[in-house]
Amino acid sequence: MDQTSRDHRTQRILATVDCIPHGRVATYAQVAREAGLPGLARFVGHVLAGLPSGSRLPWHRVITASGHISSRPGTGPDQQRAKLGTEGVRFSRSGRVNLKVWAWDPTAPG
DNA sequence: AACATGACTTTCT
DNA sequence: TAGAAAGCCATGT
């Protein structure tokens with residue numbers, strides 16, 4: 001895999017994450033699919049892991065397929081959970097997001 | 001090339 | 001709903 005291709009895919013991932021609307025969430029796999037990289041859910045995680053702390057990207061809208069928040073190095077899940085909370089995303093009693101309700105629908109207009 | 005690791009997903013119990 | 005195991009892809013050593 002060339003460096004160029006790697007950056008290309010990275011850009012796709014970043015662009016897709018940036019497309020997640022306010023108050024919605026998307027799974028890693030979903031982001032990968034929308035980016036044209038099906039099956040590269042883990043790659044999305046790698047890309048997000050490389051984002052700076054002050055990135056403007058809505059990385060907090062990316063969660064696991066179970067509606068859970070993945071443990072990331074350094075900061076705890078509270079940060080992401082709080083960010084989603086300010087956007088109106090409600091969490092289940094078990095600390096999960098109901099993807100049936102809050103999942104981002106790329107096919108929907110707007 | 002082989003092994004280990006990770007912000008993952010799916011399937012089974 | 002919750003936990004364990006297997007599968008998948010990219011990266012670093």
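Residue numbers begin at 1 in each chain, while the letters A, B, ... track the order of the sequences.
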Might you confirm whether atom CZ of A/Arg12 has over 12 heavy atoms from other residues, nucleotides or ligands at distances under 6.0 Å?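 It does not: A/Arg12 CZ has 12 such atoms or fewer within range.
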
Distance test, side-chain N/O of A/Arg9 to OP1/OP2 of C/dA10, below 4.0 Å: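 So the side-chain polar atoms of A/Arg9 do come within 4.0 Å of the phosphate oxygens OP1 or OP2 of C/dA10, strictly under.
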
At under 4.0 Å, does any side-chain N or O of A/Arg72 touch on OP1 or OP2 of B/dG6?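 Answer no for this pair, as no side-chain N or O of A/Arg72 is under 4.0 Å from OP1 or OP2.
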
For the side chain of A/Leu48, counting heavy atoms from C-beta on, which of B/dG6, B/dA7, C/dA2 is nearest?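 Of the options given, the side chain of A/Leu48 lies nearest B/dA7.
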
If only atom types and distance count, is the side chain of A/Ser66 paired as donor or acceptor with the main-chain N or O of A/His68 below 3.5 Å?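 The answer is no, because no donor-acceptor pair under 3.5 Å joins these two groups.
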
Between A/Arg56 and A/Asp18, does at least one N-O distance fall below 4.0 Å, as a salt bridge requires?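 Salt bridge present between A/Arg56 and A/Asp18.
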
Trace of the side chain to side chain contact (heavy atoms under 4.5 Å, CB included) decision for A/Leu48 with A/Leu57: CA-CA 9 Å; A/Leu48 296 186; A/Leu57 288 173; 5.8 Å; no

Nucleotide N/O to protein N/O under 3.5 Å, stretch nucleotides 9-13 of chain B:
{"from": "B/dT9", "atom 1": "OP1", "to": "A/Ala29", "atom 2": "N", "distance (Å)": "3.3"}
{"from": "B/dT9", "atom 1": "OP1", "to": "A/Ala65", "atom 2": "N", "distance (Å)": "3.4"}
{"from": "B/dT9", "atom 1": "OP2", "to": "A/Ala65", "atom 2": "N", "distance (Å)": "2.8"}

Nearest whole Å is fine: how far is [N] [atom2] from [X] [atom1]?
X       : N      : atom1 : atom2 : answer
A/Glu34 : B/dC8  : CD    : P     : 20 Å
A/Phe43 : B/dG6  : CZ    : C1'   : 13 Å
A/Ile69 : B/dC8  : CD1   : C1'   : 15 Å
A/Leu51 : B/dG6  : CG    : C1'   : 15 Å
A/Ile13 : C/dC9  : CD1   : P     : 14 Å
A/Leu37 : C/dA10 : CG    : P     : 9 Å
A/Asp78 : B/dA7  : CG    : C1'   : 15 Å
A/Arg42 : C/dC8  : CZ    : C1'   : 8 Å

Please identify each residue that fulfils side chain to side chain donor-acceptor pair (under 3.5 Å) with A/Glu87, with sequence neighbours left out.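 A/Glu87: side chain to side chain donor-acceptor pair (under 3.5 Å) contacts with A/His60, A/Arg61.
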
Which residues satisfy the salt bridge (Lys or Arg N to Asp or Glu O under 4.0 Å) test with A/Arg93, sequence neighbours excluded?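 With sequence neighbours excluded, A/Arg93 shows a salt bridge (Lys or Arg N to Asp or Glu O under 4.0 Å) to no residue whatsoever.
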
For A/Arg96, answer base if it contacts any base atom (sugar-phosphate contacts may also be present), sugar-phosphate if it contacts only those atoms, and nothing otherwise; contact means non-hydrogen atoms under 4.0 Å.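 Counting heavy atoms under 4.0 Å across all strands, the contact made by A/Arg96 is with sugar-phosphate only.
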
Using a cut-off of 4.0 Å on non-hydrogen atoms, how would the nucleic acid contact of A/Leu40 be classed: base, sugar-phosphate, or nothing?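 The answer is sugar-phosphate, as A/Leu40 gets under 4.0 Å only of primed atoms, P, OP1 or OP2.
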
Distance, C1' atom - from C/dT13 to B/dA1, rounded to whole angstrom: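 Roughly 13 Å separates the two C1' atoms.
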
Considering non-hydrogen atoms only, spot the tightest contact between A/Gln80 and A/Ile69 and give its length.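 Taking every non-hydrogen atom into account, OE1-CG2, 3.1 Å.
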
